[in-house]
Amino acid sequence: MTAEQPVGRSGSTGIDVSSSRWWSLGLVTVAGVYSIGLALRPGEDFSPFVDGFLALLTVWVPAAVGWLVVHRTKCRRLEMILAAGAISCTAAGDTYYVLMSAGGADVPLPSPADVGYTGFYVLMLATLAVVIRRRLPDMTWPVVLDAVVGALGASAVLAVVLDPILSAVLDGPRSLAMALGAAYPLLDLLLVAAVIGITATTGRSIGRGWALLVLGLFTFTGADIGYALLELDSLYVVGTPLDASWALGLAMIGAWVVMQGRNEPLRRETFTVPSQAVPALATVASLFVLILGTQVRVALVAVVLASLTLALAALPLVFRQRIRLADMRHQARTDELTGLPNRRALYTEVPSRLASSGRRRSAVLLLDLDKFKEINDSLGHDVGDTLLAQVAGRLSGQLRSADLLARMGGDEFVIHVDNCGVDEARAVAVKLRAALAEPYDLGGVTVHVNASIGISCHPDQGQDLTMLLRRADMAMYRAKSTHSGHFVYDGGEVTSGLKQTHPLQTLKDALSEDQLLLHFQPKIDLDTGDVRGVEALVRWQHPDLGLLEPDDFLQRFEEAGLMPGLTGVVLGKAMDQAAAWAAEGQPLTVAVNLSAPSIIDSGLPAQIDAMASAHGLSPSVLVVEITEDLLVADRDRACRVLATLRAMGVRIAVDDFGKGYSSLSYLRELPIDELKLDKSFILSMTEDSRATALVVSTIDLAHSLGLDMTAEGVENADAYRALSDYGCDVAQGFFMSKPVPATELDAWLADRRQQPRTGPFSILYPDRTAEGARRTP
Ligand code: C2E
Ligand code: CA
Ligand code: CA
C-alpha cells in the first residue's frame with residue numbers, strides 16, 4: 001500500500017493525524033524539559049530560568065496550542081473551547097504566582113492567582129459536562145447506574161485521602177485560606193468522579209484520546225493533593241518535582257484537546273474499557289474503604305460514600321434481567337462499526353417520529369458514497385471500515401440533536417430531519433456533502449470521497465417510511481447519474497429514476513447475454529491528417545430502455561463490483577474489431593478505457609497477452625486509457641501492472657488529464673505514453689483565454705516529458721485549427737466523428753479515403769492543400 005497519495009491540498013478543518021502527534025509530542029517535551037530543569041536546578045532560591053521562564057512555558061504552550069486547535073476547527077466543539085479556556089486560566093494564575101515569587105514576595109492565600117485556578121476547575125467541569133451531555137442520548141439506565149457507582153466509588157477513595165485536609169479545615173481555625181486549601185482537592189474529587197463516571201458509560205469507546213484526559217486530570221489532581229498536604233504544615237516551596245506534575249498534567253490535557261481537533265474520530269484507536277470494569281473497581285474500592293474504617297479512623301463522608309456505592313452496585317444485580325434486556329435492545333439497534341442507529345432502529349423510530357409530527361413537515365435524506373466499493377476493493381476492508389466510521393463522525397457533526405442519522409448498511413446512510421421543508425432539506429444536503437468532501441486520512445493514505453443524496457419529503461412524497469425511502473432512493477440514483485450531488489424526488493422523474501437503478505440481475509444479464517457493444521471514435525493525427533487509431537466506448541443495448549450511454553450505467557457496474565467483467569467484455573470486443581480491421585488491410589490501434597479495479601488486477605497483462613495471441617494480434621494494437629482518479633487506489637500495484645503492459649507493447653494514455661485533483665508527481669512515476677487533455681479545456685478554449693493558456697502549456701508539458709498530447713472534445717474547425725497551431729499531436733471529437741458502430745466508422749473511413757488528402761487541413765478543406773489552408777483563414 002502506498003504511504004502517500006497524489007491528492008490536492010487539504011483544505012480541511014482540524015488537524016491531520018501526523019501533525020497532531022507532533023503537537024502532542026511538543027507539549028510533553030516542554031513539560032519534560034521543565035522536569036529536567038527542576039531536577040538539575042541548584043539550591044532553593046527562585047531560579048529565573050527554571051521557575052520563571054520554563055514554568056511559564058509549561059502553562060502557556062498548552063494554552064496556545066489549545067486555542068490554535070480551537071481556531072483550526074473553526075470553534076466547532078464546545079468542549080475544546082472550554083478546555084482551552086481552563087488551561088488558560090491556570091496559565092494566568094501561574095503567571096501571577098511566578099511574577100510575585102520572582103519579586104521575592106510570599107504569595108498569600110487567597111491571591112489573584114486563585115481566581116485563575118478556580119477558573120480552571122469551573123471550566124474543566126463544564127468541559128466534562130459537555131462530554132456527558134453528548135453521550136446522554138445513547139445512555140441506558142444500567143449505563144447511568146454504572147457511571148454513578150463509579151463516581152461514588154472514586155469519591156469514597158478520595159475522601160479517605162483528603163481526610164487530613166478536610167479535618168484540618170473542620171477542626172482548625174476557620175480561615176478563607178484553609179477553606180480554599182480544601183476546596184481545590186474537593187473540586188479535584190468532583191473532576192475525578194466525573195471522569196470515572198464517564199469512563200463507565202460505555203464498554204465500547206469513549207472517543208479519541210480519552211485516556212490522555214483521564215491521566216492528565218489524575219496527574220493534576222495528584223499534584224493538588226500533594227500541595228494541600230504540604231501546605232497543611234506550610235511546607236510547599238516553588239521548584240520541587242510537585243511542580244512538574246502540574247506541568248505534565250496540563251500537557252496531557254492539552255494533548256487531549258489536540259486529539260479532539262483531529263479531523264474525525266478514528267474508531268479503531270479509541271480508548272476502550274470493559275463495560276463492567278469501572279463498577280467492579282468501584283465496588284472493590286468501597287469495600288476496601290469500609291474495611292479500612294474498622295482498622296483506623298476514616299472520615300465519615302468516606303464511609304457514607306462507600307456504603308452508597310455498594311448499595312447502588314448491588315442494584316443492577318437485583319434488576320439484572322430487566323437491565324440486560326434493555327441493554328441488549330440498545331445493542332440490537334446500534335450499528336457496531338459506526339455506533340449509529342442501524343436499519344432496525346430506523347424502522348422503529350422513524351414511523352413513530354412521523355406519527356407524532358402532526359402537521360410539521362419532515363424530510364428523508366438517503367446518502368450513498370460515490371465509488372466506495374472501489375476504495376474498499378483496492379485498499380482493503382479495514383480501510384473501508386475506517387472511512388465509514390469517519391464519514392459517520394462527519395455526518396453527525398453536521399446534524400442537530402433532533403435529527404436522526406442511521407446507517408442502512410454498506411455505504412448508505414439515512415437522515416430523518418424533522419420540521420423541514422424542501423429548501424431546508426436541500427441546505428442540509430449541501431452541508432453534508434461539503435463536510436464529506438474534505439480529504440480523509442486513512443492511516444497514511446489520503447482519499448477523497450463524494451456522496452450523492454436523494455431527498456423525499458413527508459407527507460407530500462410519501463406517507464410512510466417505506467415509500468419515503470423508495471423515493472429518496474430514486475432521487476439518489478438521479479443525483480448520481482447527473483452528478484448533481486443531491487436531488488429532490490419529484491413525481492415526474494419516476495421513470496428516469498427507475499431507469500438509473502438497474503437491479504443487479506439486469507447488470508449480470510448485460511454481461512452474460514451479450515448486451516454490451518462498442519462504438520468507436522477516431523483519433524486524428526494533427527500533423528498528417530491520418531487516422532491514428534480509434535477509441536472504443538461501451539454502450540448497453542438494454543432490452544427495455546434501448547441504447548444506453550456509459551453515464552447511464554457504468555456507475556452501477558462499478559458499485560456492483562462488475563467492472564472487471566465489463567472490462568473483459570470490452571477488451572474482447574475491441575480485439576475482435578482490431579482483428580477485423582487488420583484482416584481488411586487497414587490496421588488501427590484501439591484504445592480501451594480501464595477502471596481502477598482492472599488496473600490493479602495483476603492478472604490483466606496475462607489476460608491481454610492471451611487475448612491478443614488468440615486473435616493473432618500483437619498487444620501493441622491496444623492503447624489503455626486510465627484516469628487520474630484511479631490513482632487513489634493502490635498506486636504501486638497500478639504502476640507494476642502498467643509497466644508490464646507497456647513492456648508488452650501496449651501504449652498507456654492518461655485520460656481526462658487536468659480534470660481531477662492529481663499531483664504532477666505521478667507523471668514522473670507512471671509508465672505512460674500519452675496525455676489526453678480533458679475535453680472541458682478544449683470546449684471552453686475559444687471563449688476562455690485561461691483555458692487556452694492551459695492547453696498550450698499542457699502541450700509543452702507533455703512534449704517535454706516525451707509524451708504525445710491528445711485533445712478530446714474537438715467540436716469545431718476553430719478548435720481543430722488552433723490545436724494544430726499549438727503543436728498538439730492528436731485530436732478527437734464530434735467535429736471529425738461522433739463515436740459510432742464499427743460499420744459506420746468503416747463507411748466514414750472509406751469516405752475519407754475518397755477525398756484527396758494533402759495535409760492536416762484536408763479534413764477542413766478537403767479540396768485545398770495545407771499551405772492554402774494556412775493562407776486562407
Ligand atoms: P472518455 O474516456 O473521456 O470518453 C470520451 C467521451 O467524450 C465519450 O463519451 C465521447 O462520446 C465524448 N466525446 C467525444 N468527442 C466529443 C466532443 O467533441 N464533444 C463532447 N462534448 N463530447 C465528446 P461517452 O461515450 O459517453 O463515454 C463517457 C465515459 O464513459 C468515457 O469518457 C469513459 O470514461 C467511460 N467509458 C466509456 N467506455 C468505457 C469502457 O469500455 N470502460 C470503462 N471503464 N469506461 C468507459
Ligand atoms: Ca477515454
Ligand atoms: Ca476523456
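Each ligand, and each atom within it, is numbered from 1 in the order the structure gives. In what follows, residues are counted from 1 in the order of the sequence shown.
- With rounding to the nearest 0.5 angstrom, the CG atom of Asp751 is 11.5 Å from the CG atom of Leu745.
- Residue-ligand proximity: Asp551 is placed with every non-hydrogen atom at 4.0 Å or more from ligand 1.
- Counting backbone and side-chain atoms alike, Asp656 contributes no N/O/S atom closer than 3.0 Å to the Ca ion (ligand 2).
- In this pair, Phe557 and Phe553 present their aromatic rings perpendicular. The plane angle is above 60°, beyond the 30 to 60° band.
- In this structure, His519 does not count as a contact residue of ligand 1, since none of its heavy atoms falls inside 4.0 Å of the ligand.
- Not a single heavy atom of Gln732 sits under 4.0 Å from any atom of ligand 1.
- Considering backbone and side-chain atoms alike, Val538 places an N or O below 3.5 Å from some N or O of ligand 1.
- Looking at heavy atoms from C-beta onward, Asp746 lies in side-chain contact with Trp581 at the 4.5 angstrom threshold.
- In this structure, of Phe734, Phe735, Phe557, Phe553, the residue bringing a heavy atom nearest to atom 13 (N) of ligand 1 is Phe734.
- Ligand 1 has no atom lying under 4.0 Å from any heavy atom of Lys738.
- One option in Leu537, Asp678, Thr627, Leu554 has a heavy atom closer to atom 45 (N) of ligand 1 than any other, and that option is Leu554.
- Judged by the shortest distance from any of its heavy atoms, Glu535 lies inside the 4.0 Å radius around the atoms of ligand 1.
- The distance from the Ca ion (ligand 2) to the nearest N/O/S atom of Glu625 is under 3.0 Å.
- In summary, Thr627 places no N/O/S atom under 3.0 Å from the Ca ion (ligand 2), failing the contact criterion.
- Salt bridge status for Lys676 with Glu535: present, with a side-chain N to carboxylate O gap under 4.0 Å.
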